[in-house]
Structure formats: C-alpha cells, structure tokens
Protein chains: 2
Amino acid sequence: MNNPKLPAFPPALRPHASRLTYSAGKMIFRAGSATRWVYYLVSGCVRLIRRGRAGEEIVLHQARAGDFFAEASIDSARYHCDALAMEAATVLRVSALDLTNLIEADPEFARQWISLLGQQLRAVRTRVERLSLKSASERIRHFLLSGAPGAAGYVKVNGTLKDLARDLGITHETLYRTLAGMERSGQIERQGDGFRLL
Amino acid sequence: MNNPKLPAFPPALRPHASRLTYSAGKMIFRAGSATRWVYYLVSGCVRLIRRGRAGEEIVLHQARAGDFFAEASIDSARYHCDALAMEAATVLRVSALDLTNLIEADPEFARQWISLLGQQLRAVRTRVERLSLKSASERIRHFLLSGAPGAAGYVKVNGTLKDLARDLGITHETLYRTLAGMERSGQIERQGDGFRLL
DNA sequence: CGTCGCATTGATATCGCTCAAATCCGGTGG
DNA sequence: CCACCGGATTTGAGCGATATCAATGCGACG
C-alpha cells in the first residue's frame, strides 16, 4: 500500500502539525501570499506551478506522497508559486514559526532538515542537467538512468505520459514518437507502466 | 528574515576553514570522490560540471565570489559532479565533519545554513523554470526579469555572453541573434555589459 | 452510450542547431 | 609601437528536430 521507501514525517514535528485535506483542483496556496506554512504530503499529488506570459503552466515541482513542499520558502517572505492539488490530497501542515523554533531547539532535527534540503537540491540539479540536454531521446535516457534505482534499469512512470513529457520539457507528441522510435531501435523496452533501458 | 544581499563567510565557520588557491583549469574535486569538504569561493569562478554521453559539458552550477559550493553534498557519500576552476580561484574549505558538528552545536548557525540552502533551492528552481520555456526570447526575458534586482530592469551580465548562452540552454549564435532581434524590435536595450528590459 | 482525456500517428511549419566565415578586442612578444 | 594570436562576437546559409495543428482510437466513468 505505502511505498516502503516513503520518507517519514519527522516525529519531532508531529505535535505542531495539523492534518488537512484538499479535493482535486483545489489551490493550497498562491504565489505572492505570505509564507506561513510548510507542508508534508501524506497522500495524493500536488504541483507547484508558475505561469508563463502566455498563461501556460510551468511545473516547478511535483510532490508525491512522502514529499515536503514549500520547504524552501520558510525564510522567504512570500510563496513564489502556486500549489495545486492534482488529486485529492492529504497534507500535514506546520507553521514556519514552529519549524524554525524546532530547528533552533533540536540539533538532531536541524541536521535532518538540512539533509532533506540537500536531497531536494540534488534532485533539482538533476532536473537542470536533464533540461540542459538538447534531444528528446537524451532526456528520456537521462530520466531512465537517474530515475533507476541502481541495478535493474527499470523505471516505473508515475502518472501519465503527458505529465512525464512536461517534466522532460518536451511535448507529449514528441515523447510518444521518440519512445516509439527508441523501442523500435531496441534502446528501451516497455513493461506495463514503465520502461527498461537496454 | 535574515537575507543578506552580500554573502559573507559565516564567522562561526572561520576557525575551521583553510584557505586554498587553484589556478585556472585546475580540478577542485571530481565526481565519485568522497565528500570531505565544503567550499566557499572568495574570488574567481568555479563551475560544477557533469559530462553528457558525447562528452559535452553540462554546467550544473557556476559559483562566483561569495557563493558556497558543494554545500548540498555533505550528507551524500560522494560528489556527483566535477568542480573546475575557470579562473584562478581562492576558496575557503571546511570539512564536512566540522560543518555538521557546528550545525548541531550552534542553532543560530544551523538556521543560517538552512536559509542558505533555501536560497540555493529557489535559485535552481528558477533555472528550471527558465529551461522549461521553449523559445530563446522567452528565456532571455525570464533571465532579465528574475535577474533584475527589483526596480530598474537593468541586469549586468557576469562573464561572457557565451557563458550566458550555456546558462540559458541555447547556443551562443542563437543568443546573439535573438538579442539583436529583441533590440531591433525595441524589447531590450544594451547598456555596457548588461541589458535593460523595456 | 456519450463524453472526456490520454495515447498515437500524420502533415507541415518553424525555431534553433550546425557549419562557416568575417570582425573585433585584449593580451603578448618582438 | 606594432604584428600577431586566441577567444569572443557577429552574421550567413541550410538542415533537422521539435512544435503545432489535426485526426483517430481507446478506455474510464457517469
């Protein structure tokens, strides 16, 4: 049922957290509003979104069960993007004040929190690396390599291929075409809702 | 709150830091080697680089005077990229162990360090947002908007335009052409080694 | 069933990449 | 002081990969 690797909600934060639910399509916070809360996603899917000049969505981050989000905002006065529940979502919400207090009061928690931010930073840098690749097939290959937990080379795709296309910074048509081509030429293999790099 | 515009080396770290210099072209650390140190760049320019399959450089991060680098690596066993001094560079080097000890011993420093990581995270997310834009002119506009300190709309370009092109994820030829076109159509204005968005 | 969104494939246009060449500019050595 | 050199800058021509527009099938869900 739950991912065994699901990162736990830090016990030290539990007394300060309140549980909330949002139905699909609900806005959790908006860009420009004051950063009063940090969130942990218990279940569902939340996207952090900015809008381009033409109104198109830019997905800065997609949080899934076990992820914190808005965690980098605590020392910024205002949120810099919208948070939108894609599916019905359950979150644990902690006030930024409680969090900073806990950081100063509990050195072990501070260390954990720094570790968490470091992981996020490395993950986003990996995405920068991916978006720096020019061809669609290279981005797909990079996604399969960096998403693969070591050995097998099998990567399960969460959500739709359309979402994956957006994450890779290409259109869904190009993703379909390139995947089909890579499969034809024997570079990858489809398996259920995932892929294997050969 | 404590968001100093001028990045300073935290006084609490000074007793643990050693000063080193690297000449242009020198490798400071390599991907895969153990993460023993965290660096602060006093002067010069350092790039964090990974290499694509064709051997092309992917610049994950470009550190300038006042930036920390490898700061996200302290809870990872190995560096995940190369660090290369582009110009002669002077750094302050702190061992990962001293840093974690200080984090646990000094709550005020822990808070500052978390603030620093948050800034880095927001900066990298901004770069992701930029790389998600499809057209060169949109990326340039985004760069000028997000790089501009508030009011004036004037952004000074550090380094060469070639470097900027790499940062924007386009070739330098395209950058030159697009800049010229945007200037012709009155969208931007060149001023010395910078640009103004109109 | 009808509808809606994802998946897939086709046709075409376009933007940016590649290769190429000319100029500029700062530094270096004679 | 000047000739030279390397790298940045700039512009040109052509091509190819990807975006865009379009149409169809398919499965889920009410």
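Chain A is the first sequence line, chain B the second, and so forth, proteins listed ahead of strands; every chain is numbered from 1.
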Given A:Arg51 and A:Glu56, is the salt bridge (charged side-chain N to carboxylate O under 4.0 Å, His left out) satisfied, shown in steps? CA-CA 5 Å; A:Arg51 297 200 170 269; A:Glu56 80 279 9; over 6 Å; no
When you list every nucleotide of DNA chain D with an atom under 4.0 Å from a heavy atom of chain B, which one comes first 5' to 3', and which comes last? D:dA8 to D:dA13
If you measure only the distance, is there a donor-acceptor pair under 3.5 Å linking the side chains of A:Arg130 and A:Ser146? yes
Looking at side-chain heavy atoms only, is the closest gap between B:Val59 and B:Leu48 below 4.5 Å? no
Calculate, to the nearest 0.5 Å, the distance between atoms CZ and CD belonging to B:Arg47 and B:Glu87 respectively. 9.5 Å
Atom CG of A:Asp193 and atom P of C:dA7: how far apart are they, to the nearest Å? 11 Å
Aromatic plane relationship, A:Phe68 with A:Tyr40 - under 30° parallel, 30 to 60° tilted, over 60° perpendicular: perpendicular
Out of curiosity, does B:Ile74 fall in the hydrophobic cluster containing A:Ile103 (side-chain heavy atoms, cut-off under 4.5 Å, transitive links)? yes
Spell out protein contact along nucleotides 15-28 of chain C as letters: B when the base is contacted, S when just the sugar-phosphate is, - when no protein heavy atom is under 4.0 Å; keep the 5' to 3' order. -SBBB---------
Can you find a side-chain donor-acceptor pair between A:Thr174 and A:Thr171 that sits under 3.5 Å? yes
Donor + acceptor pair across side chains of A:Gln62, A:Arg166 (<3.5 Å): no
